[in-house]
Each structure stands twice: as C-alpha cells, then as structure tokens.
Amino acid sequence: MTSSSTQHSPLVAVEKMSFHYPRARITSGGTGWTLQDISLAISLKSTVGIVGESGSGKSTLIRVMCGLLRHQQGNVRFNGKDITEYQGDGANELRRQNQIVFQNPRRSLDPRMTIRRSLTEPIRALQDRTPDDDELVSSIKRVGLGPEVLSRFPHQLSGGQLQRVGIARSLSVNPTILYADEPVSALDVSVQAQVLNLLMNLRDQMGLTLVMVSHDLGVVSRMCEDIVVMRHGHIVEAGHTSDVLSRPSSDYTATLLKAARAASLERS
C-alpha cells in the first residue's frame, strides 16, 4: 500500500480523489477541499492504519471510500468497479461488503431498539432475510457477550459492551472490509485493549481487510501492517508501518512520533 501508486488488483483503489462538504457545513471559513488529491490502494486482507490530528480528514476519507459520502473529483474503486456505478441492489451489496464500527457506540445504536433488533435490521436491509435466534446468539457470542444481552436496550449496557455490539452488528452481514473509526477512544482505558484484541482476533478468524482510524500511533504500530499519515486533507506519507515510523520522511510524521513518545513517558 502506497499513497501514490496502486497494487495489482487492490480491493480499494483511490485515485486523485478530492472531496468537500456543502458550503453550509464548512465551519472554519472558506470553501476549500476537505480532502484533496488523495491516492492510495488497500489490498485484500491487509490491515491499514490512518493517522493524523483531529480535522485532518481521516473519518471523511473512510466514509468516501465505503460510499457513504460522494466525492467530487477523482475515482474510488471497490473490487475494480467505480463505487458510483453501484446502483439498486448493487448499492446494498457495496454497503454489505463495506462496514464501519463508529467511534461512539452509544450514538451509533438506536436507544429504542433492543440489541436483538439492532443486530437484525442490517441483515434484513442488506441481505433481505430475517436471521433466526441461533444466528443472533452466535453473532453476539463471537464478540464475547452472552445471549442475555439480546433482550436488553443500549442504556442497560456499558460502553465496552456496546462497542462489542457495534462490532457484532457490522460483522453480521459478513463484510469484506471493516473500517474502525477510533473504535476505543470513547471507552475506558481498562477495556480499550480488550476491544482492540477482539478486532484483531476477528480479523484473523474472518479473513477481513481492516482499516483502523486512530490518533494513537502506538495502537497503529501494534495492529497495522501499513500506515497512512494525513494532515489538512492531504496524505503526507504512507507505506509499511515499521518503515514509516522508524524512518519518517515527513516532518509532520516525526512531530507525531515525538508527541506520542512524550505522552507514553507521561503515562509511565
């Protein structure tokens, strides 16, 4: 995976892509691009970390790549096909294969729905079928929860439990690629490592492609084979994680590394 060239038959290929929100949603003044001239390729079954400070465009990028946001310039392809060509049933198939685990599990689950219904709805919508209870129990056990949670509502679960439910919901439709958008930043420190280990185990068990958005270089260095460093809507550096973090070519990456080391010293 590199920022400037694509591999042979990548799962996701982004070429000179630019994106901006409607002018009404730009709060910082001006009408500049949120993402500009982005090129990268993600291979099947790879694990890629996207890092950068808040506002660098990380979350917007993954939403464009999976089709939740429509880019204005350039190309985004999934399995060799431009994502704008996925229409009708094809759009549902694109959604099924591209799933996101969101940052805040309390905001990503409908408080009026039981966990059973929250797991059932995406299967009905994207696979046009209703799962039986055995499937739902298996799905919830896969993320380390017991079947008793199926009858509960989100307010009855802890943050860590809710994020496990969010992961179960995303995996219930058997995606090809899972985007994890700061999946542990809203959780207590005591459960963050558990959720990250769960994601890695599920990646291996299910043969997933995993894209991890994070501001934590420590997490990315442990989990991700490749890394993309973003700043102000641009990719400033990309490559194998060990190479980039040991020999950064960008001053910005070096600054992030210095800050990460300082934060680690403060915690120790």
Side-chain angles (χ1 to χ4, degrees), residues 11-12 44-45 59 62-70 76-183 186-187 195 198-199 201-213:
L11 178 64
V12 180
L44 183 67
K45 298 185 180 180
S59 296
I62 65 171
R63 283 161 173 76
V64 171
M65 286 195 293
C66 70
L68 288 180
L69 296 174
R70 181 64 59 90
V76 180
R77 292 185 174 86
F78 179 76
N79 266 340
K81 182 177 179 180
D82 194 299
I83 62 170
T84 61
E85 296 177 9
Y86 285 88
Q87 304 289 334
D89 290 342
N92 275 350
E93 181 61 13
L94 180 68
R95 290 174 59 202
R96 185 194 68 77
Q97 292 199 57
N98 291 260
Q99 287 289 305
I100 297 182
V101 176
F102 293 99
Q103 178 177 6
N104 190 329
R106 293 196 183 277
R107 294 180 61 183
S108 63
L109 293 170
D110 191 326
R112 301 164 296 180
M113 290 186 182
T114 62
I115 302 307
R116 175 178 280 101
R117 186 176 173 192
S118 288
L119 293 179
T120 299
E121 287 303 310
I123 298 173
R124 285 177 175 166
L126 300 180
Q127 295 186 307
D128 194 26
R129 64 184 183 86
T130 300
D132 60 28
D133 214 52
D134 287 344
E135 181 177 351
L136 296 178
V137 169
S138 176
S139 180
I140 210 70
K141 283 185 174 180
R142 183 164 57 188
V143 297
L145 296 175
E148 68 278 359
V149 306
L150 291 173
S151 61
R152 296 178 183 171
F153 289 88
H155 74 272
Q156 296 174 301
L157 301 181
S158 68
Q161 290 173 318
L162 288 175
Q163 194 59 293
R164 288 173 184 267
V165 171
I167 294 169
R169 182 180 61 175
S170 294
L171 297 181
S172 67
V173 292
N174 296 313
T176 302
I177 182 168
L178 184 67
Y179 295 93
D181 189 3
E182 297 274 12
L187 304 180
V195 172
L198 173 66
L199 284 170
N201 290 336
L202 291 169
R203 180 206 65 172
D204 295 339
Q205 292 169 15
M206 301 180 68
L208 291 167
T209 303
L210 178 63
V211 178
M212 171 76 68
V213 170

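Because only heavy atoms are used, hydrogens play no part in the values below, and waters and symmetry mates are left out as well, while side chains stay in. Along the sequence shown, the residues carry numbers beginning at 1. Keep in mind that this is a model prediction, so the values were computed, not measured.
The distance from atom CG of L157 to atom CG of L109, rounded to the nearest 0.5 Å, is 8.5 Å. With values rounded to the nearest 0.5 angstrom, E93 atom CD is found 9.5 Å from N98 atom CG. A distance of 4.0 Å separates CD in Q97 from CZ in F78, rounded to the nearest 0.5 Å. For the atom pair CG of L162 and CD1 of I167, the computed distance is 11.0 Å after rounding to the nearest 0.5 Å. From M65, atom CE reaches atom CD1 of I83 across 10.0 Å, with rounding to the nearest 0.5 Å. The CG atom of L145 lies 9.0 Å from the CD1 atom of I115; values are rounded to the nearest 0.5 Å.
Residues L208 and L202 share a closest heavy-atom pair of CD1-O, 4.0 Å. The two residues P183 and L187 come nearest to each other via the heavy atoms O-CD1, 3.9 Å. Taking all atoms of both residues into account, the shortest heavy-atom contact from I140 to V143 is O-CG2, 3.2 Å. Closest heavy-atom contact between T130 and T120: CG2-CG2, 4.4 Å. In this structure, L150 and V137 approach most closely via the heavy-atom pair CD1-CG2, 3.9 Å. Residues R169 and P122 share a closest heavy-atom pair of CG-CG, 3.7 Å.
In terms of the side chain to side chain contact (heavy atoms under 4.5 Å, CB included) criterion, residue partners of T209 (sequence neighbours excluded) are, by chain and number, L11, I42, L44, S46, I177. With sequence neighbours excluded, no residue forms a side chain to side chain contact (heavy atoms under 4.5 Å, CB included) with Q87. Partners of N92 by side chain to side chain contact (heavy atoms under 4.5 Å, CB included), not counting sequence neighbours, listed by chain and number: R95, L126. For R63, the salt bridge (Lys or Arg N to Asp or Glu O under 4.0 Å) partners at least two apart in sequence or on another chain are D181. Partners of D110 under the salt bridge (Lys or Arg N to Asp or Glu O under 4.0 Å) rule, at least two apart in sequence or in another chain, are R112. In this structure D82 satisfies the side chain to side chain contact (heavy atoms under 4.5 Å, CB included) test together with N75, T84, E85, sequence neighbours excluded.
For R107, the CZ atom is loosely surrounded, since the number of other residues' heavy atoms within 6.0 Å does not exceed 12. Atom NZ of K141 is surrounded by 12 or fewer heavy atoms from other residues, nucleotides or ligands within 6.0 Å. The local environment of CG in D133 is crowded, with over 12 non-hydrogen atoms from other residues, nucleotides or ligands closer than 6.0 Å. Within a 6.0 Å sphere centred on CG of D132, other residues, nucleotides and ligands contribute more than 12 heavy atoms.
Distance alone, capped at 3.5 Å, is enough to place a donor-acceptor pair between the Q156 side chain and the F153 backbone. In terms of modelled atom types and a separation under 3.5 Å, the side chain of Q163 and the main chain of F102 share a donor-acceptor contact. The backbone N or O of S158 sits less than 3.5 Å from a side-chain atom of Q161, completing a donor-acceptor pair. Formation of a donor-acceptor pair under 3.5 Å by the R96 side chain with backbone atoms of V173 is found in this model. In terms of modelled atom types and a separation under 3.5 Å, the side chain of S139 and the main chain of L136 share no donor-acceptor contact.
Residues S170 and L178 are in side-chain contact: their nearest non-hydrogen atoms beyond the backbone lie under 4.5 Å apart. Between R116 and R152, the closest side-chain pair of non-hydrogen atoms is not below 4.5 Å.
Looking at S59, C66, S108 one by one, the single match for side-chain contact (heavy atoms from CB on, under 4.5 Å) with I100 turns out to be C66.
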I would like to know whether R203 and L199 meet side chain to side chain contact (heavy atoms under 4.5 Å, CB included); could you show each step before the answer?
CA-CA 6 Å; R203 180 206 65 172; L199 284 170; over 6 Å; no

Side chain to side chain contact (heavy atoms under 4.5 Å, CB included) evaluation trace for Y86 with K81
CA-CA 8 Å; Y86 285 88; K81 182 177 179 180; 3.7 Å; yes

Let's go through L198 and R164 carefully: what are the C-alpha distance in whole Å and the side-chain angles of both, what is the deciding distance for side chain to side chain contact (heavy atoms under 4.5 Å, CB included) to 0.1 Å, and is it a yes or a no?
CA-CA 9 Å; L198 173 66; R164 288 173 184 267; 3.7 Å; yes

Go through the steps to decide whether I123 and S172 satisfy the test side chain to side chain contact (heavy atoms under 4.5 Å, CB included), and finish with yes or no.
CA-CA 7 Å; I123 298 173; S172 67; 3.7 Å; yes

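Between R129 and E135 a salt bridge is recorded (basic side-chain N to carboxylate O distance below 4.0 Å).
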